[in-house]
Amino acid sequence: MGMVMLFDVKWIDDCTYELWPKKVLKGDKSMMGKKGDFMTVKIREIKEHSFMTETTSNFFDQTLFFEVDILR
């Protein structure tokens, strides 16, 4: 989508964290959402160069699944 955003991260436990949008660095500024919006990310599987996540939010009813690359 060409979006670049900055988030605050709050770790809940070893495998769960919350992402709170802080700033849109590139792209549609409306993607910031409303004050108080956040996503909860659960790490489900760790691979050699990535990890699999289950993502929910307080502003969207669906659960989304992502593979996140680990940059070294």
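For Thr56, the side-chain contact (heavy atoms from CB on, under 4.5 Å) partners two or more places apart in sequence, or in a different chain, are Thr40, Thr63. For Asp28, the side-chain hydrogen bond (donor to acceptor under 3.5 Å, both in side chains) partners are Ser30, not counting sequence neighbours. Under the rule for a salt bridge (charged side-chain N to carboxylate O under 4.0 Å, His left out), Asp37 has no partner lying at least two apart in sequence or in another chain. Not counting sequence neighbours, the partners of Asp13 by the side-chain hydrogen bond (donor to acceptor under 3.5 Å, both in side chains) test are Thr16. Under the salt bridge (charged side-chain N to carboxylate O under 4.0 Å, His left out) criterion, Glu18 pairs with no residue at all, not counting sequence neighbours.
Cluster annotation: Leu64 and Val41 are assigned to the same hydrophobic cluster (Ile/Leu/Val/Met/Phe/Trp/Tyr, side-chain heavy-atom contacts under 4.5 Å, transitive). The cluster map of Ile, Leu, Val, Met, Phe, Trp and Tyr, joined by side-chain heavy atoms under 4.5 Å apart, puts Val68 and Ile43 in the same cluster.
Within 6.0 Å of atom NZ in Lys26, 12 or fewer heavy atoms from other residues, nucleotides or ligands are found, so the atom counts as exposed in its surroundings. Counting heavy-atom neighbours within 6.0 Å of Ile70 CD1, excluding the residue itself, gives a total above 12.
Sorted by first and then second residue, the pairs that involve residues 10-31 and meet ring-ring contact (aromatic ring centres under 6.0 Å, His included), not counting sequence neighbours, are Trp11-Tyr17, Trp20-Phe38. Pairs engaging residues 42-68 under the salt bridge (Lys or Arg N to Asp or Glu O under 4.0 Å) rule: Arg44-Glu54, Lys47-Glu67 [sequence neighbours left out]. Judged as a ring-ring contact (aromatic ring centres under 6.0 Å, His included), not a single pair has a partner in residues 40-72 (not counting sequence neighbours).
Put simply, the side chain of Ser50 reaches to within 4.5 Å of the side chain of Asp69, judged on heavy atoms. Between Met32 and Met5 the shortest side-chain heavy-atom distance falls below 4.5 Å.
Smallest separation of non-hydrogen atoms from Gly27 and Met3: CA-SD, 3.8 Å.
Residue Leu25 belongs to a hydrophobic cluster whose other members are Val4, Leu6, with links defined by side-chain heavy atoms closer than 4.5 Å.
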